[in-house]
Amino acid sequence: MSTPRRWPLHPCPGPDEALSSWLARVAGVYGLPVQDLLRHNLGQASVLADDPAAADLDWDPPAAVLAALDERTGAGLGELRRMTIAGWVPWLLDTLEDGGQEAFDTYVRQHSVLLAPGEAGRSAVPRWRPWLPERQAHPARRICPVCAADPDRGTPLAARLPIMTSCAGHGCRLKPDPDVAFTALAGQLPPEPAAAHAAAMDRRTYQGLTTGLVTLPRRAVHAGVWFRLLRTLLDELSMPLSRVGARSGRALERIWRATGRPVRAGLKVWRPFERLDWPRQEAMLDAAAITLHLAETGAVTARGTLGPLLSPESPRAVYDGDGPARAAYHWKRAQEELSAAIAAARTDPGTARQMLAMLTYRCRTLASFDRERQDLIDLGIPAGFLPGAGELGRAELPAGQP
């Protein structure tokens with residue numbers, strides 16, 4: 001077991017915290033803006049200024065910035081990298097680059113969950129990266145009101161992604177960062193509890209983000225499998241009913257009816273999940289959570305290649321062996337039969353000779369033959385009933401003896 005890292009001069013990063021959030025908390029300890037911390041304490045202002053994209057500390061900060069942070073804080077490059085989107089390649093996404101059609105077909109359409117294999121067909125997606133909005137778009141971060149009220153809690157990296165609708169720790173719905181800030185100023189309102197099915201799905205996502213594994217009804221899977229399963233399911237829930245078979249269409253109608261929303265959340269023209277507005281993304285995530293619940297309870301059958309992971313494995317009959325009473329019965333019978341054979345050998349020379357032959361059949365030496373014969377004599381069988389080695393015919397001698 002490794003020795004826990006000590007953080008004597010600055011706060012410890014949370015298990016799911018974004019790098020920008022942690023640096024803001026560190027800078028707050030010294031009463032500095034983050035940019036001043038980077039400029040005066042790390043000497044990395046020029047590196048960030050030369051590349052505007054590098055200024056996004058949660059995306060893929062320059063290696064020089066991470067190295068300087070590691071040197072000054074002792075956080076470790078691996079820990080710092082994990083606090084960025086780039087650190088989640090290839091678990092959350094295969095690459096930071098725009099993979100386009102090939103990336104979409106591999107990540108989303110290679111497998112299936114609710115639909116039968118191949119039923120989703122092919123959709124034209126010229127530009128695409130999983131879970132990530134367009135680089136020029138800056139959607140408001142969605143955070144937990146309870147976590148935001150705690151000064152020792154940072155902002156999760158997942159707050160930038162449309163991947164969760166509730167806080168795994170507090171079970172309340174996430175809210176846009178500006179709304180949470182306004183509520184705090186106006187007088188805090190009680191947080192809104194998340195639906196049970198949404199909270200259950202988000203706990204699995206959080207488990208994947210913090211441990212690398214996700215526990216599903218059939219077995220635990222790697223976080224990368226979970227993110228791809230969830231993204232595939234979201235894609236299937238956006239399918240027009242005219243594009244799928246009758247059986248899948250009925251399943252989709254049942255799921256959307258359970259959400260209380262129109263089919264496809266009212267989407268008229270298909271678009272990938274990443275290009276939907278947040279209200280529709282939230283509706284799709286809610287439908288995915290309901291699908292997982294219905295599949296786990298057997299109300300809906302997930303017919304895809306990944307579908308079996310969502311339902312518990314059927315119990316299989318396993319032979320539990322003989323019960324104690326039956327085993328005791330057989331042991332008692334064996335003892336009784338052995339006692340009867342010994343009793344008969346005490347009065348019948350033929351039985352005694354057969355017993356000696358049986359016990360010495362595998363003897364390789366005369367010494368071992370004599371030991372077996374003496375054991376029978378000790379049991380009360382007359383020595384005269386038990387011929388010695390010299391009195392036996394060739395066929396009765398121990399194996400290997402002349």
Per the salt bridge (Lys or Arg N to Asp or Glu O under 4.0 Å) rule, which among R153, R160, R25 passes with E17? R25
If you count the non-hydrogen atoms of other residues, nucleotides and ligands that lie under 6.0 Å from CD in E253, is the total more than 12? yes
Is it the case that the side chains of S112 and E236 hold a donor-acceptor pair, with the cut-off being a distance below 3.5 Å and no angle test? no
Hey, are R81 and D60 close enough for a salt bridge, meaning a charged N less than 4.0 Å from a carboxylate O? yes
Check whether NZ of the Lys or CZ of the Arg R142 lies under 6.0 Å from the centre of the six-membered ring of W278 and within 45 degrees of that ring's axis. yes
Within a reach of under 6.0 Å around CD of E97, are more than 12 heavy atoms found that belong to other residues, nucleotides or ligands? no
Among side-chain atoms of R243 and S123, is any donor-acceptor pair under 3.5 angstrom? yes
Using the salt bridge (Lys or Arg N to Asp or Glu O under 4.0 Å) criterion, which residues pair with E274? Sequence neighbours excluded. R231
Kindly check if the number of other-residue, nucleotide or ligand heavy atoms within 6.0 Å of NE2 (H197) is above 12? yes
Side-chain heavy atoms of V108 within contact of F273, under 4.5 Å: no
Just so I know, are the side chains of E372 and C363 near enough to count as touching, which here means a heavy-atom distance under 4.5 Å? yes
Keeping the roles fixed (side chain from Q207, backbone from T215), state whether a donor-acceptor pair exists under 3.5 Å. yes
Of all residues at least two apart in sequence or in a different chain, which pass the ring-ring contact (aromatic ring centres under 6.0 Å, His included) check with H222? W91
Polar side chain donor-acceptor pair, D277 to Q281, under 3.5 angstrom: no
Counterpart residues, salt bridge (Lys or Arg N to Asp or Glu O under 4.0 Å), relative to D235 (two or more places apart): R109
Residues E282 and R173 bridged, charged N to O under 4.0 Å: yes
Polar side chain donor-acceptor pair, H111 to T232, under 3.5 angstrom: no
Just by distance, no angles: are the side chains of T84 and W59 close enough, under 3.5 Å, to form a donor-acceptor pair? no
Does a side-chain N-to-carboxylate-O contact under 4.0 Å join D286 and R261? yes
How about CZ on R303, more than 12 heavy atoms from neighbouring residues, nucleotides or ligands closer than 6.0 Å, or not? yes
